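Worksheet for the structure shown next.
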Amino acid sequence: MTEKEKTAPVVSVGADTEQSLNVCNDSITDYNEDGKSLDDYLEEMQKEFLQQLDPSHLKTISMRELYNTVYQSKPPLIDGLLYPGTYIFAGAPKLGKSFLMAQLAYHISTGTPLWNFGVKKGTVLYLALEDDYHRLQERLYRMFGTESADNLYFYVSAGELGNGLDEQLSKFMAEHSDTRLIIVDTLQKVREVGGDNYSYANDYEIITRLKKFADSYGICLLLVHHTRKQNSDDKFDMISGTNGLLGAADGGFILRKEKRTSNSATLEVSGRDQPDQKIYLNRNPETLVWELERTETELWKLPPEPLLENIAGKITNENPEWYGSPTELVEFLGADMKANALTMKLNINAGRLFNEYGISYQNKRCHDGRKVSLTYEQRDDV
């Protein structure tokens with residue numbers, strides 16, 4: 001390793017945090033890397049401060065600023081199936097939704113692959129609000145035997161939105177910061193009591209409040225709900241209530257049976273950041289676990305990115321860190337592109353670099369110019 005490749009101590013960040021370097025001394029020198037004087041720099045700061053005080057000022061971001069920002073990455077809980085965000089999981093009553101919820105919770109809490117999908121391990125909270133602990137015990141034992149999980153938590157009673165639930169969930173997150181999934185079974189149990197429960201505005205506002213909570217912690221919130229009896233060409237129109245529920249959510253799942261007495265079912269998936277899917281399932285009559293029969297389409301994957309593969313070949317467990325300027329990074333990678341184009345591409349693909357290769361990318365302006373770090377992270381799921 002050359003001197004330029006050696007790193008100063010870097011505080012690395014995970015995939016769910018805003019990525020920035022903490023190794024720079026951000027003191028203002030007479031000139032920054034853009035060639036602006038200290039007076040120009042202070043004048044811009046003052047102008048921006050005054051704009052923020054103006055209530056009519058529209059805080060916009062340019063396309064260049066957008067590309068020059070490293071945003072939080074959102075690695076999936078279950079590859080291609082479940083992501084951070086707020087999802088509606090709907091199906092007819094007594095169809096087996098709660099058994100599938102227990103299955104999702106168990107697989108995520110243990111990190112065990114579900115069907116053909118990879119799973120990232122994390123703590124799970126399951127609000128089983130239509131059950132009691134004895135029924136849960138019997139159900140879980142029938143499904144999984146004596147294989148238990150220390151980081152899968154259950155609660156059979158909870159407050160309503162605006163009347164205790166918000167505080168309960170925040171308290172749990174403070175005590176279990178590694179939580180990745182919270183299941184609310186069912187949504188109706190935590191809705192505020194009122195005469196306007198089924199208006200579009202009210203449905204939209206409920207999901208928006210829950211989504212704000214999930215997004216603030218970077219977790220997945222899965223809300224179990226019922227479907228209408230009426231059929232529809234668009235299966236997601238069968239979700240009970242108004243379109244405001246799914247409209248405010250990040251996605252939805254519909255579990256359906258052609259015949260109630262059958263052990264076969266379909267699971268349809270639709271989301272903002274994932275392709276629509278239809279999964280065919282069979283319910284094991286002995287364990288009541290849902291087993292995969294087939295998927296209608298192959299799981300779509302992003303095409304390989306040569307730049308990320310290049311980095312993964314150089315940043316490894318044996319050579320876990322690199323730190324330097326964008327120009328030095330071009331030289332280190334032997335890349336045939338300009339330094340600003342390289343860092344812009346990495347800004348956009350930082351989440352993918354971490355999710356697929358376990359390498360965190362950080363980019364920050366320092367007193368002596370912009371600095372980049374690449375760090376190989378040790379992760380349980382890599």
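Everything quoted here is computed from the prediction, not taken from an experiment. The chain is numbered in sequence order, starting from 1. Because only heavy atoms are used, hydrogens play no part in the values below, and waters and symmetry mates are left out as well, while side chains stay in.
- Proximity of Asn151 to Val124: side-chain heavy atoms (C-beta onward) are nowhere separated by under 4.5 Å.
- In this structure, Asp336 places its CG atom where only 12 or fewer heavy-atom neighbours from other residues, nucleotides or ligands lie under 6.0 Å away.
- By the 4.5 Å heavy-atom criterion applied to side chains, Val269 and Leu81 are counted as neighbours.
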Quiz item: Should Thr375 and Ile315 be marked as a side chain to side chain contact (heavy atoms under 4.5 Å, CB included) after you check the CA-CA gap, both sets of side-chain angles, and the distance that decides it?
Solution: CA-CA 7 Å; Thr375 307; Ile315 305 300; over 6 Å; no
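- Side-chain atoms of Asn347 and Tyr71 include no donor-acceptor pair closer than 3.5 Å.
- Heavy-atom minimum distance, Asp276 versus Ser270: OD1-OG, 3.0 Å.
- Under a 3.5 Å cut-off, the side chain of Arg142 and the backbone N or O of Leu288 do not form any donor-acceptor pair.
- Although no hydrogens or angles enter the test, the distance criterion places a donor-acceptor pair under 3.5 Å between the side chain of Thr343 and the main chain of Ala339.
- A donor-acceptor pair is defined here as one N or O able to donate and one able to accept, closer than 3.5 Å; such a pair exists between the side chain of Gln103 and the backbone of Trp290.
- Within 6.0 Å of CZ on Arg64 lie no more than 12 heavy atoms contributed by other residues, nucleotides or ligands.
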Practice problem: Take Thr316 and Glu318, measure what side chain to side chain contact (heavy atoms under 4.5 Å, CB included) needs, and give me the verdict at the end. | Solution: CA-CA 5 Å; Thr316 63; Glu318 292 72 31; 3.4 Å; yes
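- The local environment of CG in Asp178 is crowded, with over 12 non-hydrogen atoms from other residues, nucleotides or ligands closer than 6.0 Å.
- One finds a salt bridge joining Lys211 and Asp250 here, because a Lys/Arg side-chain nitrogen approaches an Asp/Glu carboxylate oxygen to under 4.0 Å.
- With hydrogens and angles disregarded, no donor-acceptor distance shorter than 3.5 Å links the side chain of Thr179 to the backbone of Leu181.
- Of all non-hydrogen atoms in Met143 and Ala102, the two that sit nearest each other are SD-CB, 4.1 Å.
- In terms of hydrophobic clustering, with Ile, Leu, Val, Met, Phe, Trp and Tyr side chains grouped at heavy-atom distances under 4.5 Å, Tyr280 and Phe89 are assigned to different clusters.
- Lys314 forms a cation-pi arrangement with Phe332, by the criterion of a distance under 6.0 Å to the ring centre and an angle within 45° of the ring axis.
- Proximity of a side-chain donor or acceptor of Glu356 to a complementary backbone N or O of Leu353 within less than 3.5 Å is not detected.
- With hydrogens and angles disregarded, no donor-acceptor distance shorter than 3.5 Å links the side chain of Trp115 to the backbone of Arg294.
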Would Leu136 and Val156 count as a side chain to side chain contact (heavy atoms under 4.5 Å, CB included) here? Give the steps. CA-CA 9 Å; Leu136 280 172; Val156 297; 3.9 Å; yes
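- A heavy-atom distance below 4.5 Å is not found between the side chains of Phe253 and Glu268.
- Contact of the Val224 side chain with the Met101 side chain is registered, since non-hydrogen atoms from C-beta on lie closer than 4.5 Å.
- Salt bridge present: Glu305 and Lys345 bring a charged side-chain N and a carboxylate O closer than 4.0 Å.
- Summarising the geometry of Pro320 relative to Asn317, their closest heavy-atom pair is CD-O, 3.9 Å, with the distance given to 0.1 Å.
- Distance alone, capped at 3.5 Å, is enough to place a donor-acceptor pair between the Glu328 side chain and the Ser325 backbone.
- With Lys257 contributing its side chain and Ser262 its backbone, the two residues share a donor-acceptor pair below 3.5 Å.
- Two residues are said to be in side-chain contact when any heavy atoms from C-beta on lie closer than 4.5 Å; Phe154 and Leu140 meet this criterion.
- Residue Thr186 holds its OG1 atom at 10.0 Å from CZ of Arg191, rounded to the nearest 0.5 Å.
- Between Ile219 and Leu77, the closest side-chain pair of non-hydrogen atoms is not below 4.5 Å.
- Distance CD1/Ile183 to OG/Ser98: 9.5 Å, rounded to 0.5 Å.
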ask   = What do the steps show when you test Arg139 against Asp131 for salt bridge (charged side-chain N to carboxylate O under 4.0 Å, His left out), and what is the final call?
value = CA-CA 10 Å; Arg139 180 184 304 161; Asp131 284 306; 3.0 Å; yes
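- To the nearest 0.5 Å, atom OH of residue Tyr83 and atom CZ of residue Arg272 are 15.0 Å apart.
- Linking ILVMFWY side-chain heavy atoms closer than 4.5 Å, directly or via other members, places Tyr133 and Phe99 in a single hydrophobic cluster.
- A side-chain donor-acceptor contact under 3.5 Å links Asn284 to the backbone of Thr287.
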Side-chain polar contacts of residues 162-176 - donor-acceptor pairs under 3.5 angstrom, sequence neighbours left out - could you list them?
| from | atom 1 | to | atom 2 | distance (Å) |
| --- | --- | --- | --- | --- |
| Asp166 | OD1 | Gly162 | N | 2.8 |
| Gln168 | OE1 | Gly159 | N | 3.0 |
| Ser170 | OG | Asp166 | O | 3.0 |

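- Proximity of Leu222 to Thr86: side-chain heavy atoms (C-beta onward) are nowhere separated by under 4.5 Å.
- Between atom CD1 of residue Ile279 and atom OG1 of residue Thr295 there is a gap of 7.0 Å, rounded to the nearest 0.5 Å.
- In terms of heavy atoms, Arg283 sits closest to Leu95 at NH1-O, 4.0 Å.
- Using a 3.5 Å distance cut-off with no hydrogens or angles, the side chains of Asn282 and Glu293 do pair a donor with an acceptor.
- In this structure, the separation between CG on Leu221 and CD1 on Ile207 is 8.5 Å, given to the nearest 0.5 Å.
- Closest of all the heavy-atom pairs between Leu342 and Pro326 is CD2-O, 4.5 Å.
- No hydrogens or angles considered: nothing links the side chains of Tyr204 and Asn202 as a donor-acceptor pair under 3.5 Å.
- For Thr112 and Thr110, the side-chain atoms include at least one donor-acceptor pair closer than 3.5 Å.
- A pairwise comparison of heavy atoms in Gly324 and Trp322 identifies N-CZ3, 3.3 Å as the closest pair.
- Formation of a donor-acceptor pair under 3.5 Å by the Asn363 side chain with backbone atoms of Val372 is not found in this model.
- At a threshold of 4.5 Å between non-hydrogen side-chain atoms, the residues Pro285 and Asn263 count as touching.
- Within 6.0 Å of OH in Tyr67 there are 12 or fewer heavy atoms belonging to other residues, nucleotides or ligands.
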Carefully, step by step, assess Lys120 and Ile108 under the rule side chain to side chain contact (heavy atoms under 4.5 Å, CB included).
CA-CA 6 Å; Lys120 182 175 176 62; Ile108 290 173; over 6 Å; no
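- One distance of note links CG of Leu255 with CG of Leu281; it measures 7.0 Å at 0.5 Å rounding.
- Tyr376 and Glu321 are not linked by any side-chain donor-acceptor pair at a separation below 3.5 angstrom, with hydrogens and angles left out of the test.
- There is a side-chain donor-acceptor pair under 3.5 Å between Glu138 and His134.
- By the neighbour-count criterion of 12 heavy atoms within 6.0 Å, atom OH of Tyr141 is sparsely surrounded, having that number or fewer from other residues, nucleotides or ligands.
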